[in-house]
Amino acid sequence: VSPLIGLLGTVIGMIVVFRTIAESGGGQAAALSTGIFQALITTATGLLIAIPALIAHNYFQQRVELIIGGLERASLRALHHLYMRSKDDAVSS
């Protein structure tokens with residue numbers, strides 16, 4: 001969500017810039033720079049939040065996949081053990 005918030009800030013900043021251009025005719029560099037500054041700050045903030053969040057998400061997703069793989073292997077061993085046990089019980093009966 002944070003990149004979308006950053007993008008929203010960029011769009012709002014650009015709206016401010018274009019409104020300033022429309023009102024003043026485009027010759028006001030200080031007024032234009034305020035909107036561009038706002039757009040860049042919100043974009044950078046969104047990225048500063050999104051990049052660590054993406055790294056953490058990938059790390060925990062990998063950990064979960066390893067745990068699930070271990071659980072699947074353990075359940076297959078247990079099922080195999082139960083199958084062999086029931087097979088041995090059927091032969092001895």
Side-chain angles (χ1 to χ4, degrees):
V1 173
S2 59
L4 294 176
I5 294 170
L7 183 59
L8 176 63
T10 301
V11 171
I12 291 170
M14 290 291 119
I15 289 170
V16 170
V17 168
F18 286 116
R19 184 181 61 206
T20 303
I21 291 171
E23 291 173 355
S24 67
Q28 303 288 334
L32 295 176
S33 65
T34 301
I36 294 170
F37 175 78
Q38 178 184 2
L40 292 174
I41 289 296
T42 56
T43 302
T45 302
L47 290 172
L48 286 172
I49 295 168
I51 291 169
L54 182 62
I55 291 169
H57 169 75
N58 288 336
Y59 170 77
F60 288 117
Q61 183 178 11
Q62 181 183 13
R63 293 277 315 262
V64 166
E65 288 176 8
L66 288 173
I67 291 169
I68 289 172
L71 290 172
E72 287 175 348
R73 285 188 298 277
S75 64
L76 287 174
R77 283 194 305 268
L79 288 173
H80 179 72
H81 177 71
L82 290 172
Y83 173 76
M84 295 304 285
R85 186 179 218 184
S86 67
K87 188 177 175 181
D88 289 341
D89 289 344
V91 168
S92 64
S93 297

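Along the sequence shown, the residues carry numbers beginning at 1. Note: hydrogens, waters and symmetry copies are ignored here, and every other heavy atom, side chains too, is used. Please read all numbers here as calculations on a predicted model, not as lab measurements.
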Inset, instruction - Answer with yes or no whether the hydrophobic clustering places Leu40 together with Met14; edges join I, L, V, M, F, W, Y residues whose side-chain heavy atoms lie under 4.5 Å apart. - result: yes

Inset, instruction - Would you mind listing every side-chain hydrogen bond (donor to acceptor under 3.5 Å, both in side chains) that reaches into residues 74-84, with sequence neighbours excluded? - result: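 Non-adjacent pairs meeting side-chain hydrogen bond (donor to acceptor under 3.5 Å, both in side chains): zero.
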
Legend entry - Cluster companions of Leu76 among Ile, Leu, Val, Met, Phe, Trp, Tyr (side-chain spacing under 4.5 Å): none

Legend entry - Partners meeting side chain to side chain donor-acceptor pair (under 3.5 Å) with Thr42 (sequence neighbours left out):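 With neighbours one apart ignored, the set is empty.
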
Legend entry - Qualifying residue, where the test is side chain to side chain donor-acceptor pair (under 3.5 Å) with Tyr59 and the options are Gln61, Arg63, His57: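 Looking at Gln61, Arg63, His57, the match for Tyr59 under the side chain to side chain donor-acceptor pair (under 3.5 Å) is Arg63.
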
Legend entry - Distance (rounded to the nearest 0.5 Å) between Thr43 OG1 and Leu48 CG: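 One finds 11.0 Å between OG1 of Thr43 and CG of Leu48.
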
Legend entry - Approximate separation, where rounding is to 0.5 Å, of Leu54 CG and Ile49 CD1: 13.5 Å

